[in-house]
There are 2 protein chains.
Amino acid sequence: MVTLAEVAQHAGVSASTVSYVLSGKRSISAGTRQRVERSIQELGYHPNAGARALASSKSNIIALMVPLRTDMYVPVMMEIAIAVATTARIHGYDVLLLTGEEGPDAVRRVTGSGLADAMILMDVELDDERLPLLRDTDQPSVLIGLPADTSGLTCVDLDFGATGALCVEHLAMLGHREVAVIGEAPAVYERHTGFAERTLDGLRSRARELGLRVLHRPCEGGYDAMAATLARIFDERPGTTGFVVQNESAVEPLLALLRQQGRAVPEDVSVIAVCPEQVAVQASVRLTSVAIPAQEMGRRAVEQLVAKLDGRETDEVVLLAPELTVRASTGPLTGG
Amino acid sequence: MVTLAEVAQHAGVSASTVSYVLSGKRSISAGTRQRVERSIQELGYHPNAGARALASSKSNIIALMVPLRTDMYVPVMMEIAIAVATTARIHGYDVLLLTGEEGPDAVRRVTGSGLADAMILMDVELDDERLPLLRDTDQPSVLIGLPADTSGLTCVDLDFGATGALCVEHLAMLGHREVAVIGEAPAVYERHTGFAERTLDGLRSRARELGLRVLHRPCEGGYDAMAATLARIFDERPGTTGFVVQNESAVEPLLALLRQQGRAVPEDVSVIAVCPEQVAVQASVRLTSVAIPAQEMGRRAVEQLVAKLDGRETDEVVLLAPELTVRASTGPLTGG
DNA sequence: ATAGGTTGTCGAAGCGCTTCGATAGCGACC
DNA sequence: GGTCGCTATCGAAGCGCTTCGACAACCTAT
């Protein structure tokens, strides 16, 4: 391995000068800079990460903690992770991938060892056990998702409350009066992942204002579970004409079942999905949907984090405004 | 931050003794060990990663390069990534997440800076531009996927050739004579990702031996693309009764279209998917499938890598044997 | 011409750890 | 009882870098 000292010797300057050329923290004459840069090129020098971290107490690494479970929103998670990695590189950081498995211990380990300068947590639960640790540390962190108590934390998330409201508004505008919400698997609600509840709250309170009736049913993904859920819904509320689906793996089964039951989309029933664009576009009916802006979330999380690392002020909570795209799965209520 | 020296002082021993307690590289008396361990506990000591890396020239980090594109097999990629992270932790390594974006430069950067001790590459193309670099480096690496020339490389992958053969055998056994293969998007073939071609080769050559006719059609995911593809297939080969699908996002559309055309699965046509178990189980018809053993692939890749890092001999190529699970989407050809 | 301020460079200290002798202590052996 | 061979421990060097203070060289304003 080529070292700083070798570069310095090759360029005929001192080691510190090379270091300053690299960091730009002191002014260097154009001539010297060029000589040093040529030497770096010629020798194929790469600064040693460990030495750098030791000397500067900065690893230039951001830890990203992804949920271990793969029962939900996998593509979204992946897209966020990739956006995080890509954006981090732009700011000169690398990303360390941690799984939720280690739980709070991972936070301690990474914080304590100086492995990472900062950390991003995904899939935050309302009362996440990692939060006290984060508040105690002075290591910057950003959450993707919204816990119950955000004090002292920085969070980035889609505004799921507004998302729910937006869905119900669209349906109301089209004349629907009875709405069913196909939610995430029961386990998701049980573990108090905030977004599912927030969507529902936003949707319900707006529905109340607009005078719509709402029936919420959690649903495991897949065809069979969806069939059972749908049967129960029509059993309980035969007049249901609007559906809001917040569960990727229930989307296609729902469409298939409706088709099978002779209910035309969007003539008889309207369906809105809360899902990534790709799912909405590729479905058997092009879905009116509120997109989950995975990339944007990853990007913003990194930007918040970098701002913190640079000592800039940051917002406490960044809520991304939902956008509803009308496609072919919603239409005015005609039959009455 | 608590340092080694502080632990040493607290325990009344020298720094090197603490270090040896931690690493176990020299024998330590039981009494001393206990005293040191108690001090570590009490002070909440975590070894500094940078200092360690510098002194030992080992970072205990494995770099994982994931494809940037999210056009295919996203859940599989995610599952592999998580399996890699989990398995790596078991062996005392952390995982650095690199996106394909930087391309070969990322390999240079990570190798040169000593950021990682080794690296795992996913989504390897037949003639991947990163391979020469890997062969040149003495940094251990493992590929997930199979390039054209595996000499000097260690690879882990599903045996896609055998997978193709297995699918066609199953269909042949059930009496089918005309088989259509719904493949990945054309772009996947164009960029020469090996697995798609290997599946096809294995399938074709076994079909020849068994006397079946095979028609292969690449297919973008989604309903519309699948509809067009399916129309062309039945147009060209009206007698097609067996389908092999190697494209997650074509599965559900295919089932919907067949249903819509009044072709019953599995009475009239049989469908085999090459996909993750979850997809096969959740589909509207429980699919006979060959699973893509994502977790196993990630795990094996790490194990190969760790073996290399420990100086143990490793296999050059690990091909996982495919397993076909019969579910409800395939059956004997009855109509004749 | 001289004090004062820049600008560009250097040397040295030190980041926290690993690791290589060196050595002290101790039981065993002839 | 002296020597050998352990085991358990220590001290010191050094990994490759950053960063601080020092200082020479030069420029400007008086």
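Below, each value reflects all heavy atoms present in this structure, side chains not excepted, and no hydrogens, waters or symmetry copies. Chain A is the first sequence line, chain B the second, and so forth, proteins listed ahead of strands; every chain is numbered from 1. Everything numeric here is computed off the predicted structure, so don't read it as measured data.
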(request) Please give the angle, rounded to 10 degrees, between the axes at the start and the end of the helix from C/dA1-D/dT30 to C/dC30-D/dG1, where five pairs define each axis. (result) 40°

(message) What I'd like to find out is whether the side chain of B/Pro67 reaches to under 4.5 Å of the side chain of B/Met77, using heavy atoms alone.
(response) yes

(message) I'd like to check the side-chain hydrogen bond (donor to acceptor under 3.5 Å, both in side chains) partners of B/Asp138; sequence neighbours left out, ordered by chain and number.
(response) none

(request) Verify whether one side chain among B/Ser29 and B/Thr32 offers a donor that lies under 3.5 Å from an acceptor in the other. (result) yes

(request) Determine whether B/Leu96 and B/Ile62 make a side-chain contact, defined as any pair of heavy atoms from C-beta on separated by less than 4.5 Å. (result) no

(request) Name all pairs fulfilling the salt bridge (Lys or Arg N to Asp or Glu O under 4.0 Å) condition that reach into residues 15-29 of chain A, sequence neighbours left out, sorted by first residue then second. (result) none

(request) Would you please say whether a donor-acceptor pair under 3.5 Å links the side chains of A/Gln139 and A/Thr111? (result) yes

(request) Sequence neighbours left out, what pairs pass salt bridge (Lys or Arg N to Asp or Glu O under 4.0 Å) with at least one residue falling in residues 139-158 of chain B? (result) B/Arg135-B/Asp149, B/Asp157-B/Arg198

(request) Please work out which residues in residues 39-49 of chain B have a non-hydrogen atom less than 4.0 Å from an atom of DNA chain D and list them by number. (result) none

(message) What residues from residues 50-58 of chain B pass a heavy-atom cutoff of under 4.0 Å to DNA chain D?
(response) B/Leu54, B/Ala55

Enumerate, atom names and distances included, each donor-acceptor pair closer than 3.5 Å involving a side-chain atom of residues 80-93 of chain A, sequence neighbours excluded.
residue, atom, partner, partner atom, Å
A/Thr86, OG1, A/Ile82, O, 2.8
A/Thr87, OG1, A/Ala83, O, 2.7
A/Arg89, NE, B/Glu102, OE1, 3.3
A/Tyr93, OH, A/Lys58, NZ, 3.4

(request) Using distance alone, with no hydrogens and no angle criterion, decide if A/Ser14 and A/Thr17 have a side-chain donor and acceptor under 3.5 Å apart. (result) yes

(message) Does any part of the side chain of B/Asp159, heavy atoms only, come nearer than 4.5 Å to the side chain of B/Leu320, both counted from C-beta?
(response) no

(request) Might you confirm whether atom CD of A/Glu6 has over 12 heavy atoms from other residues, nucleotides or ligands at distances under 6.0 Å? (result) yes

(request) Give me the first and last nucleotide of DNA chain D, going 5' to 3', that has any atom under 4.0 Å from a heavy atom of chain A. (result) D/dG16 to D/dA22

Could you tabulate the donor-acceptor pairs under 3.5 Å formed by side-chain atoms of residues 298-305 of chain B, not counting sequence neighbours?
residue, atom, partner, partner atom, Å
B/Arg299, NE, B/Glu303, OE2, 3.3
B/Arg299, NH1, B/Glu296, OE1, 3.0
B/Arg300, NH1, B/Glu296, OE2, 3.4

(request) Could you name each residue pair satisfying salt bridge (Lys or Arg N to Asp or Glu O under 4.0 Å) that touches residues 28-41 of chain A, not counting sequence neighbours? (result) A/Arg38-A/Glu42

(message) With a sphere of 6.0 Å drawn around CD of A/Gln295, does it hold more than 12 non-hydrogen atoms of other residues, nucleotides or ligands?
(response) no

(request) Could you note down all residue pairs passing side-chain hydrogen bond (donor to acceptor under 3.5 Å, both in side chains) where residues 45-55 of chain A supplies at least one of them, sequence neighbours left out? (result) none

(message) For DNA chain C, which residues of residues 16-28 of chain B approach it to below 4.0 angstrom with any heavy atom?
(response) B/Ser16, B/Ser19, B/Tyr20, B/Lys25, B/Arg26

